[in-house]
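So the structure is just underneath, and the comments pick up after that.
Since we're looking at a predicted model, the values are computed, not measured. In listed order, ligands and their atoms are each counted from 1.
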Amino acid sequence: MKYLWFGFFLFCSFWIIGFCDQDGFLSLSCGGRTSFIDSSNISWVTDTAYISTGNTATINYIEGTSSSSIPVRFFPDSAGRKCYRIPVKNTTSLVLVRAQFVYKNYDGLGKPPKFSVSLGTAITATINLAKLDPWTEEFIWTVTRETLSLCLNTIPNGGSPVISSLELRPLPQGSYTRDMKDFPSKLLRKSYRINCGYTNGSLRYPLDPYDRIWEADQNFTPFHVSTGFYISLSFNKPSLMEEPPSAVLQTARVLARRNVLTYNLPLDMLGDYYIILYFAKILPVFSSFDVLINGDVVQSNYTLDNPQASALYATQKGIKNINITLKGINFCPQVNAIEVYEMVDIPPEASSTTVSALQVIQQSTGMDLGWQDDPCYPSPWDRIGCEESVVTSLELSDINLRSISPTFGDLLDLKTLDLHNTSLAGEIQNLGSLQHLEKLNLSFNQLISLGLDLEDLVSLQILDLQNNSLQGTVPDSLGELEDLHLLNLENNKLQGPLPQSLKRETLEIRTSGNLCLFFFTTTCSSVSSHPSIEAPQFTIVPKKKHSTHNKLAIILGTVAGAASALLFISLSMFLYMSKRRRKVAYTAKAELDMRNWNAAKIFSYKEIKVATNNFKEVIGRGSFGSVYLAKLPDGKLAAVKVRFDKSQLGADSFINEVHLLSKIRHQNLVSLEGFCHDSKQQILVYEYLPGGSLVDHLYGLNRKKASLSWVRRLKIAVDAAKERVKGQRLRAWTIYTIGSEPRIIHRDVKCSNILLDMEMNAKVCDFGLSKQVTHADATHVTTVVKGTAGYLDPEYYSTQQLTEKSDVYSFGVVLLELICGREPLRHHGTPDSFNLVLWAKPYLQAGAFEIVDESIKGFFDLESMRKAALIAVKSVERDASQRPPIAEVLAELKEAYSIQLAYLASCEHEN
Ligand SMILES: *[C@@H]1O[C@H](CO)[C@@H](O)[C@H](O)[C@H]1NC(C)=O
Ligand SMILES: *[C@@H]1O[C@H](CO)[C@@H](O)[C@H](O)[C@H]1NC(C)=O
Ligand SMILES: *[C@@H]1O[C@H](CO)[C@@H](O)[C@H](O)[C@H]1NC(C)=O
Ligand SMILES: *[C@@H]1O[C@H](CO)[C@@H](O)[C@H](O)[C@H]1NC(C)=O
Ligand SMILES: *[C@@H]1O[C@H](CO)[C@@H](O)[C@H](O)[C@H]1NC(C)=O
Ligand SMILES: *[C@@H]1O[C@H](CO)[C@@H](O)[C@H](O)[C@H]1NC(C)=O
Ligand SMILES: *[C@@H]1O[C@H](CO)[C@@H](O)[C@H](O)[C@H]1NC(C)=O
Ligand SMILES: *[C@@H]1O[C@H](CO)[C@@H](O)[C@H](O)[C@H]1NC(C)=O
């Protein structure tokens with residue numbers, strides 16, 4: 001079935017509204033299995049590219065003499081919102097959205113459902129299929145985002161939402177806005193569209209090129225005189241943005257005898273309405289009349305005296321029904337068409353910082369917070385609370401969060417943050433920016449240190465830290481939180497006197513279950529001093545088993561946690577959490593032994609200083625420090641990476657990197673020329689690649705002028721993938737490991753780590769975070785989450801299970817960057833587009849290549865792009881098991897590459 005609509009895509013340049021033929025129509029047969037062309041010559045496709053949930057059914061029902069069979073999509077288990085997400089081309093500014101809902105007892109239960117429909121942040125309508133079945137809704141949506149999302153929302157006891165079709169029709173720019181200035185940010189919901197004077201059924205495409213459905217007039221009361229004149233009208237387009245079709249203007253309801261013509265139109269909602277009356281003189285008489293809506297004169301002495309079409313626009317506030325009255329002054333009052341729309345409020349969207357922070361949290365925790373667009377509207381999602389359009393509370397409990405990531409600090413409006421039972425360890429951090437935070441619940445975690453951020457939370461009223469492993473004393477600074485009235489420190493390992501500043505009537509402090517925590521130290525005299533953790537210790541011990549090989553003289557002790565056993569080199573240390581007193585002491589032994597390690601040259605600090613001309617030219621910034629240009633004594637250029645971070649992670653990764661790189665030589669890997677470990681400096685000397693990093697070529701600040709062609713990009717992707725395939729099969733030092741084949745998980749695959757040489761061949765660098773895995777354990781490694789935001793495998797983040805598929809994910813992100821020419825996370829533009837993966841996936845899945853980097857548009861072979869796009873999309877599947885192995889990625893990329901080469905050859909041939 002997939003092939004069917006893929007074939008369809010091939011035929012037409014991809015279904016993005018405003019993109020394809022038929023004036024950019026998109027017609028989805030919800031739950032349908034085949035594409036077809038209907039009696040109006042409109043092409044219908046299945047909806048599978050735009051929604052991934054729901055079940056399908058087929059309704060067979062008999063109406064009159066004919067029986068019909070229509071497919072539907074329904075959402076049985078859906079607590080919450082189920083959304084269609086449809087990319088909209090940015091040249092389209094206004095879209096007609098028409099959805100049809102059919103029940104017809106498809107499930108045999110005889111219980112027609114009731115549910116609501118929302119468009120973007122606005123709840124637009126409540127569908128009650130017990131009242132009307134089928135039910136059609138039509139909206140006019142001003143394009144404000146790159147993706148239109150139409151959602152079905154369950155109502156308690158309302159049953160399973162069901163939908164049968166969804167149609168999108170671009171409308172002329174500037175239409176349906178006149179005289180609406182008093183009502184900004186409104187969405188129009190159709191109440192009536194009447195083809196006055198016409199009695200033979202409804203009119204639509206192709207008579208109306210925008211496929212609006214104009215209903216026949218006789219359904220409306222009172223029905224009296226009407227005439228169908230045929231007049232060939234020429235109308236003045238600019239004056240009528242809405243472009244009502246001639247077929248509609250050619251008929252009018254004309255009052256022959258009586259003086260007053262009135263339409264009574266009941267409305268289903270009390271609300272504000274937008275009314276358009278169309279007039280076109282179809283009788284050869286001069287006619288003039290007053291126009292009244294609900295008794296208000298909207299136009300007096302309205303005159304039809306030339307053959308052009310005209311229109312009257314009006315708004316009415318707070319009404320429940322409409323009567324439109326034409327009071328004749330001079331001959332035959334007449335009206336040709338009427339449109340009435342309810343003006344639905346569009347709530348403002350949440351701030352972009354909040355949206356992107358929540359997206360990162362949602363993606364990185366692997367949690368489905370349940371929303372895709374706006375966290376607050378149409379209804380706030382699971383675990384999120386809002387005031388107006390502002391996210392003020394977030395509750396994430398019973399998941400594995402491990403640490404408070406900087407992202408939480410971006411949720412600036414939070415008043416309540418509840419992270420109880422989320423396996424938080426280490427210190428309380430990254431929350432200092434939350435100036436409105438009133439309630440913070442970090443109970444039932446494994447936090448060790450209070451950190452330094454709490455004192456900045458000036459609005460804090462309730463702080464719950466019970467059942468953690470907090471150590472040390474309670475700092476004075478907590479007393480500065482004037483609004484604090486509940487401080488729960490129960491069941492920790494705190495000791496020492498409580499600051500006197502906390503002793504006040506308005507503050508309740510709970511301290512039971514600690515080592516010794518009172519306002520007066522004397523009470524604690526019995527408590528013996530605990531072996532407290534002071535300066536961190538860093539012990540490097542030789543591992544006897546391997547010392548005979550003399551190559552690897554040291555294996556560093558063990559880190560808590562099973563994972564570390566897998567580390568070829570691991571560090572033994574006491575975790576020590578204070579930022580203020582972080583120091584690392586190396587033993588002389590370590591340095592000595594490092595010299596024996598590898599074949600790479602060892603430089604002195606002095607030599608490095610000379611080579612870099614006293615660290616003159618910065619050519620990049622790596623994950624732990626700056627990179628400088630250097631000229632080695634033999635005249636060769638080199639890149640010198642100086643690491644500033646000597647904390648445990650830095651030292652760990654330095655040793656790791658030197659070790660790995662000295663062992664590996666691979667054509668697609670930046671080679672290590674040498675290193676320097678003098679005077680506590682950690683310096684790595686790499687071969688210099690004049691081409692810069694991929695970031696420079698795609699979107700970086702110093703983006704190179706000539707951008708990379710598609711074929712170049714594919715070549716780079718192939719090179720980088722080769723390195724990964726190779727890395728995973730590395731055998732170089734098997735004898736030193738636990739006996740089986742080791743592999744490397746890079747853990748920091750990203751564009752800035754892919755460098756280009758003079759011939760634009762790609763090489764991968766920065767193994768600071770890489771992790772070696774033995775074959776036996778290759779399925780997963782548990783480890784503390786490290787990596788770069790935007791490239792992090794969401795499954796790894798949520799489970800701490802590092803697999804080779806984690807690199808596949810990051811590599812998939814790199815592929816998306818190559819295709820779209822943009823960074824993985826951005827903080828400008830529409831919220832839809834902040835996160836590259838979330839943004840690009842629906843487009844690429846639908847084969848919609850309009851998001852491809854402008855600079856390669858028109859220069860790529862479709863099949864080549866399709867292959868690359870599909871493998872990229874597969875690589876960033878949330879579920880790691882769904883991602884292809886890196887070897888498969890490489891194979892697909894190679895194919896895409898050769899297809900593009902063939903395409904280029906054929907182009908050349910033609911020229
Ligand atoms: C149907 O539409 C196609 C293109 O969309 C057009 O080529 C064809 O002429 C149309 N057929 C009719 C009967 O209008
Ligand atoms: C549409 O997008 C293109 C490129 O992304 C941009 O150059 C153009 O200005 C956009 N047009 C509108 C109307 O926003
Ligand atoms: C009404 O429309 C039908 C087709 O929908 C057409 O066959 C018939 O001739 C029309 N009748 C009039 C009076 O126009
Ligand atoms: C039209 O509406 C106005 C105001 O609601 C009301 O006073 C008037 O009686 C209505 N006219 C008709 C014919 O219903
Ligand atoms: C109505 O307008 C026409 C032309 O605009 C004018 O000739 C006529 O006198 C007006 N009638 C009244 C009653 O104001
Ligand atoms: C804490 O969360 C885990 C899941 O991460 C859950 O199994 C456990 O029951 C929770 N504990 C409490 C006390 O809620
Ligand atoms: C914090 O969360 C825990 C676990 O749900 C709960 O027992 C406790 O009452 C909460 N603290 C406050 C102050 O609400
Ligand atoms: C909290 O800590 C106390 C004391 O250590 C312990 O008895 C209790 O079971 C803990 N509660 C939970 C939910 O872990």
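Checking Ile462, Thr416, Leu440, Asp418 against atom 13 (C) of ligand 7, the nearest heavy atom belongs to Ile462. Of the candidates Asp290, Ile329, Thr303, it is Thr303 that places a heavy atom closest to atom 4 (C) of ligand 5. The nearest non-hydrogen atom to atom 9 (O) of ligand 7, considering only Asp398, Asn421, Asn467, Asp464, comes from Asp464.
Protein heavy atom at the shortest distance from atom 7 (O) of ligand 7 is Phe444 CE1, 4.4 Å. At the top of the distance list for atom 1 (C) of ligand 7, counting protein heavy atoms only, stands Asn441 ND2, 1.4 Å.
In the vicinity of Asn301, heavy-atom distances shorter than 4.0 Å reach the ligand 5 atoms 1 (C), 2 (O), 3 (C), 8 (C), 10 (C), 11 (N), 12 (C), 14 (O). Interface of Ser443 with ligand 7, defined as ligand atoms under 4.0 Å from a residue heavy atom, comprises 1 (C), 2 (O), 3 (C).
Closest non-hydrogen pair, Asp272 versus Lys317, comes out as OD1-CA, 3.4 Å.
Two rings, from Tyr192 and Tyr263, have their centers 6.0 Å or more apart.
Side chains of Pro375 and Val391 form a contact here, defined as non-hydrogen atoms less than 4.5 Å apart.
Evaluated for a side-chain contact (heavy atoms from CB on, under 4.5 Å) with Phe279, the options Cys196, Ser310, Ser287 yield exactly one hit, Ser310.
Not one N or O on the side chain of Ser443 forms a donor-acceptor pair closer than 3.5 Å with the backbone of Asn467.
We find that Glu339 and Arg193 are joined by a salt bridge, their nearest charged nitrogen and carboxylate oxygen being less than 4.0 Å apart.
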